[in-house]
Amino acid sequence: MTFSLRVYGVVKRIPQGKTLSYKEVARRAGSPRAHRAVGSILSKNFNNTVPCHRVIRSDGRLGGYNRGVSKKKYILKKEGFLK
DNA sequence: CATTTGACGCCAA
DNA sequence: TTTGGCGCCAAAT
């Protein structure tokens with residue numbers, strides 16, 4: 001089991017309408033200080049079964065998205081997290 | 001093995 | 001509030 005696989009596992013469990021920070025994901029994945037790595041891992045994720053758009057920064061800002069931040073906003077809006 | 005590269009986080013100024 | 005700097009970690013180089 002690699003760290004990246006556990007990250008995907010954690011992200012897959014995030015319910016619609018909710019979000020987790022990169023830090024939280026790292027913590028739940030077993031490496032509380034690997035938050036930065038979580039970002040680089042998700043940036044390379046193109047698996048649609050992984051709702052990586054539900055992972056945002058701990059300061060409340062959205063962070064990045066490999067299909068464009070505007071897409072991320074759009075989806076989060078549609079899911080009701082963002083107005 | 002040593003470096004570099006990021007969808008980050010935190011703090012001091 | 002914004003910026004700069006540093007710490008952190010997996011992957012790629």
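In the text below, chain A, chain B and the rest are named by the order of the sequence lines, each starting its count at 1. Atoms considered below: every heavy atom in the structure, side chains included; atoms not considered: hydrogens, waters and symmetry mates.
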Peer 1: Are A:V38 and A:L20 linked, directly or through intermediate hydrophobic residues, by side-chain heavy-atom contacts shorter than 4.5 Å (ILVMFWY only)?
Peer 2: yes

Peer 1: Give the first and the last nucleotide of DNA chain B, reading 5' to 3', that has any atom under 4.0 Å from a heavy atom of chain A.
Peer 2: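 So the outermost contacting nucleotides come out as B:dG6 to B:dC10.
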
Peer 1: Quick test of your reading: applying side-chain hydrogen bond (donor to acceptor under 3.5 Å, both in side chains), list the pairs with at least one residue in residues 73-83 of chain A, sequence neighbours left out, ordered by first then second residue.
Peer 2: A:H53-A:E79, A:R54-A:E79

Peer 1: What about A:F46 and A:I41, same hydrophobic cluster or not, with Ile/Leu/Val/Met/Phe/Trp/Tyr joined at side-chain heavy-atom distances under 4.5 Å?
Peer 2: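 A:F46 does not cluster with A:I41.
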
Peer 1: For the hydrophobic clusters of this structure (ILVMFWY residues joined by side-chain heavy atoms under 4.5 Å, transitively), does one cluster hold both A:Y8 and A:V10?
Peer 2: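 Yes.
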
Peer 1: Indicate if A:V69 and A:I75 have the same hydrophobic cluster label, given that clusters are the connected sets of ILVMFWY residues with side-chain heavy-atom separations under 4.5 angstrom.
Peer 2: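 No: no chain of side-chain contacts under 4.5 Å links A:V69 to A:I75.
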
Peer 1: If we ignore hydrogens and angles and just use 3.5 Å, is the side chain of A:K71 paired with the main-chain N or O of A:Y65 as donor and acceptor?
Peer 2: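 Answer holds: no.
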
Peer 1: With side chains defined as the heavy atoms from C-beta onward, is the minimum distance between A:L42 and A:V25 less than 4.5 Å?
Peer 2: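 Answer no - side chains too far apart.
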
Peer 1: What are the residues of residues 45-58 of chain A, sorted by number, that bring a heavy atom to within less than 4.0 Å of DNA chain B?
Peer 2: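 DNA chain B contact set from residues 45-58 of chain A: A:C52, A:R57, A:S58.
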
Peer 1: Would you list the pairs meeting side-chain hydrogen bond (donor to acceptor under 3.5 Å, both in side chains) in which at least one residue belongs to residues 30-47 of chain A, sequence neighbours left out?
Peer 2: A:N47-A:T49

Peer 1: List every contact pair, protein side and nucleotides 1-3 of chain C side both N or O, where the distance is under 3.5 Å.
Peer 2:
none

Peer 1: Could you state the NZ-C1' distance from A:K44 to C:dC9, rounded to the nearest angstrom?
Peer 2: 11 Å

Peer 1: For a quick test of reading the model, state the closest non-hydrogen atom pair linking A:A34 to A:F3 and the distance between them.
Peer 2: CB-CZ, 3.6 Å

Peer 1: Over all strands shown, is A:D59 touching base, sugar-phosphate only, or nothing at heavy-atom distances under 4.0 angstrom?
Peer 2: nothing

Peer 1: As a check on the pairing definition, encode DNA chain C in dot-bracket form, counting Watson-Crick and G-U wobble pairs whose two distances are under 3.5 Å, and using | for partners outside this strand.
Peer 2: .||||||.|||||

Peer 1: Under 4.5 Å between side-chain heavy atoms, counting indirect links through other Ile/Leu/Val/Met/Phe/Trp/Tyr residues: same cluster for A:V55 and A:L62 or not?
Peer 2: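 No, A:V55 does not connect to A:L62 through the hydrophobic network.
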
Peer 1: Taking only heavy atoms on the protein side, list every residue of residues 2-16 of chain A lying under 4.0 Å from any atom of DNA chain B, sorted numerically.
Peer 2: none

Peer 1: Quick check on contacts: within residues 24-38 of chain A, what sits under 4.0 Å from DNA chain B by heavy-atom distance?
Peer 2: A:H35, A:R36, A:A37

Peer 1: Check A:G17 against A:F81 and note the closest heavy-atom contact, atom names and distance.
Peer 2: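 Distance-wise, the nearest heavy atoms are O-CD1, 3.7 Å.
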
Peer 1: Show me the pairs that pass salt bridge (Lys or Arg N to Asp or Glu O under 4.0 Å) and involve residues 59-70 of chain A, at least two apart or across chains.
Peer 2: A:R57-A:D59, A:D59-A:R61

Peer 1: If the condition is side chain to side chain contact (heavy atoms under 4.5 Å, CB included), which residues does A:T2 pass it with, not counting sequence neighbours?
Peer 2: A:S4, A:L5

Peer 1: Contacts to DNA chain B from residues 74-83 of chain A, heavy-atom cutoff under 4.0 Å, which residues?
Peer 2: none

Peer 1: Which salt bridge (Lys or Arg N to Asp or Glu O under 4.0 Å) pairs, counting each pair once, include a residue from residues 3-31 of chain A, with sequence neighbours left out?
Peer 2: A:E24-A:R27, A:E24-A:R28

